[in-house]
Every structure is written in structure tokens, then in C-alpha cells.
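Everything quoted here is computed from the prediction, not taken from an experiment. Within every chain, numbering begins at 1; the chains are lettered A, B, ... in the order of the sequence lines, protein sequences first and strands thereafter.
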Amino acid sequence: MFDMIIPLLYLFSAILFILGIRRLSKVRTANSGNSLAAAGMAVAIVVTMAIVSGGAAWPYIIGGMIVGSIIGMVSANRVEMTQMPEMVALFNGFGGGASALVSLALFFAAFDGHKSGDFLMTDFADIGTVSSGISAILGLVVGAITFSGSMIAFLKLNGTIKGNAFQFPGRNAFNALLTVGPIVAGIILCVTPMPFATAMTIMLAIAAATLIVGVTATLPIGGADMPVVISLLNSLSGVAAAMAGFAVKNPVLIIAGSLVGASGLILTMIMCKSMNRTLGGVLFKSFGSTSSSNDGYTNITESSPEELAMLLEDAERVVFVPGYGLAVAQAQHATRELADLLQANGTEVRYAIHPVAGRMPGHMNVLLAEADVPYEQLIEMDEINSEFKTTDISIVLGANDVINPAAINDESSPIYGMPILNVHESRSVVVVKRSLSPGFAGIPNALFDGDNTIMVFGDAKKVLTETIAEFKENL
Amino acid sequence: MDVQQAMQSLNIFAPLMIGLYVFVLAIFLGFELITKVPPTLHTPLMSGANAISGITIVGALYCAKTDYPLLANILGAVAIAFAMINVVGGFAVTRRMLQMFGRKK
């Protein structure tokens, strides 16, 4: 009886995950989707604890669960909305790391059962078959790459590691070698009897090599490519879990892991499409990292918050264009405050959201939602692009490459063909930016030189706060 | 190869084969489930899916067994802690974000 109930409960848990993910992809049902998925997880955990309860090493289980839950809960509640990208990257890394550790633990369990003579990993009960052994190897490889890659993404997103300077010749060949090599070595380990010490060394070498690949593959990727990288790492953490599922022969791991793998891959594709780049291009070609000329501008008009406030008084239609600079300056609340004032003054206010603005998919939506900006005012790129012509003032807040008209009219530009927000079509453009330094593409922005563009240099929050004060005074 | 042999080579009920079938079908299901996601939900969907990938906790729980060596148990405990950070943190942070989207209505 008990034997029947366990697999059925796992099936129930898988169904909850499927319904949860489906509901998460619609605005109205997203909250319940998250709860359903969490319930599925609770079922899976309780069922598994029931399975292992006979021979469980409880201190390790309880200890691990308490420590993990506290760390997870505290960091989830403390994190600022502006730090969400690095938080997601960090959580993702821990998921991948857990899958890698599961595989390693299975191996060490097998090693221990071995006393003398030649060792064959797949002779041991808990690995048992060649397919299980190879799955564990793949779980280790993918999990370790996810772990170290996510940690690098985390450090890049929170600014500890700056830029995309880390380049070395033959990087792609090096990474390919350190990914394929460990997999081949792992397969050999599963089918060839060998001395105990040799097997152990190979295992640890596999772990080390794949940890290195995660670092060398993620380090050179530029900041604005981060939405692609985070989505891909998210997908990989699912694949790693599915591989661990093959190793321990558990269907719910396989189902949940592959669902996450697929959803991450879809997001990755959406992000690539929004940048007119291929996944291969993001991963294997470094982008605009060499040239970073700040000059070449001939027609810069500099202005002040005072002038911006004056301009805004007479504007009928204003569009805010947020970018990563808004997140850095934490200017979402100031933006909302200025928008409120403008609306009270009879101005129509909307926000133009580029799909890859910021450092993760949907970054701007989360930020603006935190400042209680009404969802209906956030307009997607395709929809708002036809409306810039009738816009009086577009206020660019820390966006750069996603508004560079070179993507439309300069065939020699590295970003040519990338879909952009047609900000340059509005009657006037106000660019709030700290300096003229280029975005991730490392190229000058023709928009800044435009006749209808004025630049207000400074931190977005500071500029907006001054504009608000000025605006209030003039009313 | 006679019919009997052919049938046997098609034995999809071998555990590995079932696993493979489930794996491939679940990937297709995943694609079908979320082909159209509004950009507003990109971050919550990613972070919710991320929490689900913490399902590897199931594998981690298998590794903390009394008949396993100390090293496997320690690795298991660390894996459990990692997975729990992913699960608890992931669902909690997703919830926080989604509540933010809902509250102005």
C-alpha cells in the first residue's frame, strides 16, 4: 500500500509544479502559481523524508534544512528590489551547486564501499548502472558550471567584478576542452575498473575543471548580455536537477528539472531576440570590449534640472525611458513622484520598456512596480515605438544602447539590426546620464548628438529630485 | 531478429527508458506551457522556476543516510542547505515581487 502511495504523491507534486508554472506565466494567476509550485515542493520534500526515514542521518538532514531555510528566508526578505538580479543569480547558483554535490556524495558513498582491488563505480548499489553513473557525472558537470557561473554573474551584477575585461586567446577552445574532457573522463570512470586512488583523482579533477569553466565562460560576458546569461544559467540549474534525477532514479526530479530547463531556455531565446543576437554570439564572441572612445561627439547640448522642469511644464505627452542607470541610482521612487506631478499638471505620462533594459529579464517592470507605477502605464517596445512621433518629451533615465539610432541607420555599427526604442523621433529628448561614457557595446550614441537632444549630467535620482523641487516651485 | 527479440529491444519500461521519455516529454510540456509570457512576469517566472530547480533537495535527502560514509553525509548536508536556500529564498522572493504587482489594484 505504502509502495503505491509514494509514487502517486510524487506524481501529485509534479502536477502541482506544472500547474504552478502555467499560472506563473499569466499576470492574474501568477501569485497562486507560485503558491502551487511551493506546495508541490513541500509534498516532494515530505514524501522523500518518509522514504529515507528508515536509515536517515537526521542530524545532517535537519541541520542542513534549518541552515538553508534561515539563510534563504532572511536574504529573500532583506533584499532590495534593485538587487533582485544578483539575488536570483545567487539562489540559482545554490541550486546548481546542490545538484553537483548530490552527484559527488553518491560517488563518495560508492568509494567508501570499496576496500581493495580494482574499483568500478557502477558496481555499487546506489549508482548501480552505467546510465546512472553517467547521469551523475552530467549532473556534476552541469551543476558545477551553473554554480561557479552564477557566482560570477552575482559578483558582476553587484558590481564587485566590473566590465568585461577578462579575455584570453583560445578561450572557446579552452572552455570546450574543459567541458568535453570531464564528460569523457566520467564515462571512462563508469565503464573501466581502475585503482581506487585513480578513480578518486579523476572525480575531483572533473569537479575542479567544470568549476573553472563556469568562471571562464561567464567572466568575459558584458553587462548588458546579463539577461541572456541569467536565463541560461536558470535553464542549466534545471538540467542539472534532471540529471541528478536520472542518477537517483526519481521521476519528480526529472520532471521538475526539465520544466525549469525548458522555461529558462524560452526566456533565453526571448532575450536573444530582443537584442538581435544569437545565443552563440553572446556566449562565444566578446562584444565591443576593446574600443571605448568617449569622444567623437560634436553637437552636445548640456542642460540643467531647472531647464528640464521648465520644459516639462508645457509638455502634453511625456515618455520615461528607464534603463540600468535608473536601477543603479535607485531612482524609481523619484521617477514616480515626478510622474505624479506631471499628471496633476495635465500631462500624459507613460513608460517605454525595452525587453532587455536592465540586467535581467523584466528588471524595469519589477523596479517600477516597487514604486507603485500603474502597470497600464508600462508600454512594451513594439507598441510605443509608433507613438514617439507624437511625444513632446522623452526622458531617458540611464538607458544607452537600447535607444541608439545607429541600430537602425548605421550598417557598420556593431549593434545594427538590434530592435531599439525610437526615442529620437520624439520632439525633444532629455538624456539623464552620469557622463558620456558608452554602454556595454562600447560605441558612441548618435542620439546624444541629435539636434533635439539635451543632456542633463548627473545621478538620475539627484537630477529628478532637483527637477521635482524646481517644478513644484514654478507651479 | 525475430518478433520476440524486437519486442524486447523496445522495452521502454526499463527504468532508464522511462526516465528518458519523461525527460523529453516534460521539456516539450515546458515549452508549450509558457510560450507567451508578458515581460512584466519575466523576472517572477524566472525566479519561481529557479525555486523549482531546488527540487534537487530530493536527491540531497537521499545522500544523508546512516549507512553512508561521513564524507557523503557532510556533502549531503551541504547540498540540503544549498537546495533549501534555493527553494525557500526563491519562493519567498517571487512572492514578494508578485505582491508588489498586485497591490495597486
Side-chain angles (χ1 to χ4, degrees), chain A residues 17 21-22 24-25 30-31 34 37-38 41 44 48 52 55 57 60-61 64-65 67-69 71-73 75-76 88 91-92 94-95 97-99 101-102 104-105 108-109 112 131 234 237-238 241 244 246 248-251 253-256 258-260 262-263 361-362 365-366 369-370 372, chain B residues 15-16 19 22-23 26-27 30-31 33-34 37 39-50 52-56 58-69 71-73 75-95 97-98 100-101 104:
Chain A
F17 286 137
I21 288 195
R22 189 173 74 183
L24 263 173
S25 59
N31 221 332
N34 189 49
M41 187 65 72
T48 311
V52 299
Y60 295 96
I61 292 181
M65 291 193 89
V67 170
S69 304
I71 296 176
M73 203 38 137
S75 36
V88 173
F91 286 155
N92 195 52
F94 282 121
S99 295
L101 287 173
V102 168
L104 266 186
F108 281 118
D112 186 69
S131 65
N234 185 28
S237 73
F246 276 104
V248 297
K249 302 185 187 70
N250 184 303
L253 261 172
I254 299 177
I255 295 174
S258 34
L259 284 176
V260 176
S263 82
N365 303 70
V366 173
E370 196 211 356
D372 278 331
Chain B
L16 173 67
V22 168
F23 179 63
I27 287 177
F31 273 115
L33 276 178
I34 45 167
V37 197
T40 298
L41 287 179
H42 282 168
T43 303
L45 175 69
M46 190 172 71
S47 120
N50 179 21
I52 294 177
S53 73
I55 186 69
T56 199
V58 168
L61 286 169
Y62 285 169
C63 297
K65 294 203 286 192
T66 44
D67 58 350
Y68 271 7
L71 189 55
N73 276 334
L75 286 174
V78 178
I80 290 171
F82 274 21
M84 276 317 263
I85 295 176
N86 192 202
V87 168
V88 174
F91 283 123
V93 104
T94 310
R95 192 178 157 79
M97 272 189 272
L98 290 171
M100 230 167 45
F101 287 136
K104 72 254 167 188

Practice item. With a 4.5 angstrom heavy-atom cut-off, could you sort out which part of A:M73 is near chain B: side chain, backbone, both or neither? Key: both

Point to revise | For A:A262 against B:F31, the heavy-atom pair lying closest together | key: CB-N, 3.9 Å

Review point. Hey, which of B:V58, B:V37, B:L45 has the most heavy atom pairs under 4.5 Å with chain A?
Key: B:V58

Point to revise | Nearest-0.5 Å distance, CG of residue B:L75 to CG of residue A:L104 | key: 6.0 Å

**Study point:** Validation row: B:I52, A:I21 side chains within 4.5 angstrom (heavy atoms)
**Key:** yes

Study note, to complete from the structure: Only one of A:V102, A:I61, A:L101, A:V67 passes side chain to side chain contact (heavy atoms under 4.5 Å, CB included) with B:I80, and that residue is A:I61

Exercise for review: Look at B:P44, B:C63, B:S47 and state which one has the largest set of heavy-atom pairs under 4.5 Å with chain A.
Suggested key: B:C63

Point to revise | Residue pair A:G362 / B:H42: nearest heavy atoms and the distance that separates them | key: N-CB, 3.7 Å

Check your understanding: Among A:S263, A:A244, A:G97, which has the most heavy-atom pairs under 4.5 Å with chain B?
Key -> A:S263

Check your understanding: Just how far is it from atom OG1 of B:T94 to atom CG of A:N31, taken to the nearest 0.5 Å?
Key -> 10.0 Å

Study note, to complete from the structure: Highest number of heavy-atom pairs under 4.5 Å with chain A among B:V78, B:N86, B:N50 belongs to B:N50

Review point. Should B:L98 and A:L24 count as side-chain neighbours, where that means a heavy-atom distance under 4.5 Å?
Key: yes

Check your understanding: Minimum heavy-atom separation for B:M100 to A:V366, with atom names?
Key -> CE-O, 3.3 Å

Review point. Quick one: does A:N365's side chain have a donor or acceptor within less than 3.5 Å of a partner on B:L41's backbone?
Key: no

Practice item. Under 4.5 Å heavy-atom distance to chain B, tell me which part of A:N234 shows up: side chain, backbone, both or neither. Key: side chain

**Study point:** B:T56 OG1 to A:F94 CZ distance, which is reported to the nearest 0.5 Å
**Key:** 14.5 Å

Practice item. Could you have a look at B:T40, B:L71, B:V22, B:V88 and say which one has the most heavy-atom pairs with chain A under 4.5 angstrom? Key: B:T40

Practice item. For residues A:A76 and B:A92, report the shortest heavy-atom separation together with the two atoms involved. Key: CB-CB, 3.7 Å

Check your understanding: Contact part of B:V87 toward chain A, heavy-atom cut-off under 4.5 Å: side chain, backbone, both or neither?
Key -> side chain

Study note, to complete from the structure: dist A:M65:CE -> B:M84:CE (nearest 0.5 Å) comes out at 3.5 Å

Check your understanding: Can you tell which of A:S25, A:G95, A:G238 has the highest number of heavy-atom pairs within less than 4.5 Å of chain B?
Key -> A:S25

Practice item. Heavy atoms only, distances under 4.5 angstrom: which of A:I254, A:L253, A:L259 has the most pairs with chain B? Name it, please. Key: A:L253

Study note, to complete from the structure: When the 4.5 angstrom heavy-atom criterion is applied to A:S69 and chain B, the contacting part is both

Exercise for review: Go through the atoms of A:V88 and report whether side chain, backbone, both or neither lie under 4.5 Å from a heavy atom of chain B.
Suggested key: both

**Study point:** Distance (rounded to the nearest 0.5 Å) between B:I55 CD1 and A:S237 OG
**Key:** 12.0 Å

Review point. Pick from B:G30, B:G59, B:A64: which one has the most heavy-atom pairs with chain A under 4.5 Å?
Key: B:A64

Review point. Minimum heavy-atom separation for A:S258 to B:A26, with atom names?
Key: OG-CB, 3.2 Å

**Study point:** Closest non-hydrogen atom pair between B:A77 and A:Y60, with its separation
**Key:** CB-O, 3.7 Å

Point to revise | B:T66 (side chain) donor-acceptor with A:A57 (main chain) under 3.5 angstrom | key: no

